[in-house]
Amino acid sequence: EGIKTMLSKGKAEGYFVKEVNEGLVSELMTVTQRASMSIVSSGRYAYDTILKHIILCFIRGIATEKGRIRIDEEFMKLN
């Protein structure tokens with residue numbers, strides 16, 4: 001499932017704020033993912049650590065209260 005589709009579905013279900021521009025966020029996530037790979041290849045951080053921080057800082061930031069609760073529940077499974 002693409003990022004744009006996930007965001008649209010999440011907005012429709014009340015997990016993300018309605019102001020989110022799915023196209024822009026999708027592009028930002030793509031750029032972030034590319035940058036993450038250079039950090040991983042440098043050996044400074046593992047990919048799972050970077051992914052957790054992207055979720056914590058970025059995805060959680062565009063989530064509604066309902067979305068933050070769901071993210072926190074899922075995030076706890078990763079720890």
Side-chain angles (χ1 to χ4, degrees):
E1 181 175 339
I3 295 170
K4 241 171 139 175
T5 303
M6 183 217 39
L7 290 168
S8 294
K9 184 177 175 185
K11 276 174 58 174
E13 294 175 359
Y15 291 107
F16 296 113
V17 295
K18 64 180 186 230
E19 296 83 10
V20 168
N21 179 322
E22 295 97 330
L24 177 57
V25 171
S26 179
E27 288 186 48
L28 290 170
M29 290 300 295
T30 300
V31 169
T32 302
Q33 185 176 10
R34 282 190 208 130
S36 299
M37 297 319 290
S38 69
I39 295 170
V40 170
S41 65
S42 75
R44 291 184 309 221
Y45 297 98
Y47 185 72
D48 63 330
T49 301
I50 294 169
L51 182 60
K52 287 177 186 178
H53 279 77
I54 290 170
I55 292 168
L56 199 64
C57 300
F58 188 74
I59 302 299
R60 201 172 184 283
I62 61 173
T64 61
E65 182 63 27
K66 176 182 174 180
R68 285 189 294 275
I69 290 168
R70 177 73 187 273
I71 290 167
D72 290 349
E73 289 169 353
E74 294 299 319
F75 192 72
M76 292 305 290
K77 292 178 188 177
L78 297 174
N79 291 323

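In what follows, every heavy atom counts, from backbone to side chain, and hydrogens, waters and symmetry copies are set aside.
- Residue-environment remark: CZ (Arg68) exceeds the threshold of 12 foreign heavy atoms within 6.0 Å.
- Closest approach of Asn21 to Leu24, counting heavy atoms only: OD1-N, 3.0 Å.
- Minimum interatomic distance between Lys18 and Lys11 (heavy atoms only, all atoms of both residues): O-NZ, 3.1 Å.
- In this structure, the side-chain contact (heavy atoms from CB on, under 4.5 Å) partners of Ala46, at least two apart in sequence or on a different chain, are Asp48, Thr49.
- For the atom pair CG (Asp72) and CZ (Arg60), the distance works out to 4.0 Å, reported to the nearest 0.5 Å.
- Interatomic distance, CG of Leu51 versus OG1 of Thr32, reported as 11.5 Å (0.5 Å rounding).
- No side-chain heavy atom of Ile3 sits under 4.5 Å from any side-chain heavy atom of Glu27.
- For the pair Ser26 and Lys4, the tightest heavy-atom approach, listed with the atom from each and the gap, is CB-CG, 4.1 Å.
- When every heavy atom of Ile54 is checked against every heavy atom of Ser36, the shortest pair comes out as CD1-OG, 3.7 Å.
- Atom-to-atom distance recorded for Arg70:CZ and Glu13:CD is 8.5 Å, nearest 0.5 angstrom.
- Geometric assessment of Lys66 against the ring of Tyr15 yields a positive cation-pi assignment under the 6.0 Å and 45° thresholds.
- With contacts defined as side-chain heavy-atom distances shorter than 4.5 Å, the pair Phe58/His53 does not qualify.
- Closest approach of Ala63 to Ile71, counting heavy atoms only: CB-CD1, 3.9 Å.
- To the nearest 0.5 Å, the span separating SG on Cys57 from NZ on Lys52 amounts to 13.5 Å.
- Linking Ile, Leu, Val, Met, Phe, Trp and Tyr whenever their side-chain heavy atoms come within less than 4.5 Å puts Ile39 and Ile55 in one cluster.
- With hydrogens and angles ignored, the 3.5 Å screen pairs no side-chain donor or acceptor of Ser8 with any backbone N or O of Thr5.
- Using a 4.5 Å heavy-atom cutoff, the side chains of Phe16 and Val25 are not in contact.
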